[in-house]
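For reference, the structure discussed in these notes is given below.
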Amino acid sequence: MSPQSAPAPLLIACALGIEQFALRAGERGAAGGPVTVLRTGMGPRAAERSVTRVLADPALAGAAVLATGFCAGLAPGMHPGDLVVAEETRDPAGTVPCVGTDLLVKELVRTVPGRTVHTGPLTGSDHVVRGQERSDLLTTGAIAVDMESAATLLSAVRTGERPVAAVRVVVDAPEHELVRIGTLRGGISAFRVLRTVLPAFYEWHRSLLLPRR
């Protein structure tokens, strides 16, 4: 197979070791091309450095990039284990529109039946958000917050034109706020959900490889 006809690769980026473990532990189904699961480390700077470095590899030229892992829900009524599919990611450095949001929602509903899937803007922060700050972010229109997705997607599109997306699992929410991120009490259900999502990611990636009419 020539390089021109080889399937485009998929880069799945997460921050934490437990997120990477969940993705690998739950891996099943066939991918549409080569898949790399990257642990970036916590925070926007770590995500920016890791994603920029990895995408410099010619083997990942044109790779689709999907940011995933845990997040904090901002809207009342959200629960640990809910899924968030970003319509866009945003932080002070910029806003990045996501590709294939509707398809991701459809595939997640099929792959993880019974779980609520929320769509909307996913905002970035350089720290764990709690209390009033969470309420303030909700007024901007964002439905969830995490520390790496916005930096991951912005870094990805800065290295070249490529499809990007972000899917996060709610680990805490306004009525279910964690005392500290390391406890992950609500994260037990979030971990179980994260183990199930790869087939939906693969279907999203496969759809990008289909010829456009």
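We're numbering straight along the sequence, starting at 1. The shown structure was predicted, so the numbers you read here are calculated from the model rather than taken from an experiment.
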(request) Identify, with sequence neighbours excluded, every residue that meets side-chain contact (heavy atoms from CB on, under 4.5 Å) alongside Val117. (result) Leu83, Val85, Val105, Leu108, Val109
(message) Quick one, Arg192 and Ser189 - any side-chain contact, counting heavy atoms below 4.5 Å?
(response) no
Counting only pairs under 3.5 Å, give me each side-chain donor-acceptor contact of residues 158-170, with atom names and distances, residues two or more places apart or in other chains.
| residue | atom | partner | partner atom | Å |
| --- | --- | --- | --- | --- |
| Thr159 | OG1 | Ala156 | O | 2.7 |
| Thr159 | OG1 | Arg162 | NH2 | 3.0 |
| Arg162 | NE | Ala156 | O | 2.9 |
| Arg162 | NH1 | Ala63 | O | 2.7 |
| Arg168 | NE | Ser149 | OG | 2.9 |
| Arg168 | NH1 | Thr68 | O | 3.4 |
| Arg168 | NH1 | Phe70 | O | 2.8 |
| Arg168 | NH2 | Thr68 | O | 3.3 |
| Arg168 | NH2 | Asp146 | OD1 | 3.3 |
| Arg168 | NH2 | Ser149 | OG | 3.2 |

(request) For residues 34-61, pull every pair meeting salt bridge (charged side-chain N to carboxylate O under 4.0 Å, His left out), keeping only residues two or more places apart or in separate chains. (result) none
(request) Look up atom OG in Ser125 and atom CG in Leu137, then write down how far apart they are to the nearest 0.5 Å. (result) 7.0 Å
(message) One pair to check against side chain to side chain contact (heavy atoms under 4.5 Å, CB included): Cys98 and Leu153. What are the steps and the verdict?
(response) CA-CA 9 Å; Cys98 295; Leu153 268 54; 3.8 Å; yes
(message) Going by the rule side chain to side chain donor-acceptor pair (under 3.5 Å), which residues pair with Ser50 if we only count those two or more places apart in sequence or in a different chain?
(response) none
(message) Can you give me the closest heavy-atom contact between Leu122 and Ala86, atom names plus distance?
(response) CB-CB, 3.7 Å
(request) Find the distance between CD (Glu148) and CE (Met42) and round it off to the nearest 0.5 Å. (result) 6.0 Å
(request) Please name all residues satisfying salt bridge (Lys or Arg N to Asp or Glu O under 4.0 Å) with Arg90, sequence neighbours left out, ordered by chain then number. (result) Glu88
(message) Rounded at 0.5 Å granularity, tell me how far CG in Leu66 sits from OG1 in Thr152.
(response) 10.0 Å
(request) Would you please test Cys14 and Leu23 for side chain to side chain contact (heavy atoms under 4.5 Å, CB included) and show each step? (result) CA-CA 9 Å; Cys14 60; Leu23 291 164; 4.1 Å; yes
(message) Out of the candidates Leu198, Leu38, Thr36, Val65, only one should pair with Ile12 under the side-chain contact (heavy atoms from CB on, under 4.5 Å) rule; please name it.
(response) Leu198
(message) So, taking the atom named CG in Leu194 and the one named CD in Glu19, what distance separates them when rounded to the nearest 0.5 Å?
(response) 6.5 Å
(message) In the structure I gave you, are the side-chain heavy atoms of Ile143 and Leu74 within less than 4.5 Å of one another anywhere?
(response) no
(message) According to salt bridge (Lys or Arg N to Asp or Glu O under 4.0 Å), who are the partners of Arg110, at least two apart in sequence or on a separate chain?
(response) Glu107
(request) Apply side-chain contact (heavy atoms from CB on, under 4.5 Å) to Ala151 and list each qualifying residue two or more places apart in sequence or on a separate chain. (result) Pro44, Ala47
(request) List the atom of Asp82, the atom of Gly77, and the distance in Å for their closest heavy-atom pair. (result) OD2-O, 4.3 Å
(message) Once side chain to side chain donor-acceptor pair (under 3.5 Å) is applied, do any residues pair with Glu87, and if so which ones, sequence neighbours excluded?
(response) none
(request) Could you walk me through whether Leu104 and Glu203 pass the side chain to side chain contact (heavy atoms under 4.5 Å, CB included) test, one step at a time? (result) CA-CA 8 Å; Leu104 275 168; Glu203 284 303 314; over 6 Å; no
(request) For residues Phe191 and Ala22, report the shortest heavy-atom separation together with the two atoms involved. (result) CE1-CB, 3.4 Å
(request) Please report the shortest heavy-atom distance between Asp172 and Ala72, naming the atom on each side. (result) OD1-CB, 3.2 Å
(message) If I take atom CH2 from residue Trp204 and atom CG from residue Leu10, how far apart are they, to the nearest 0.5 angstrom?
(response) 6.5 Å
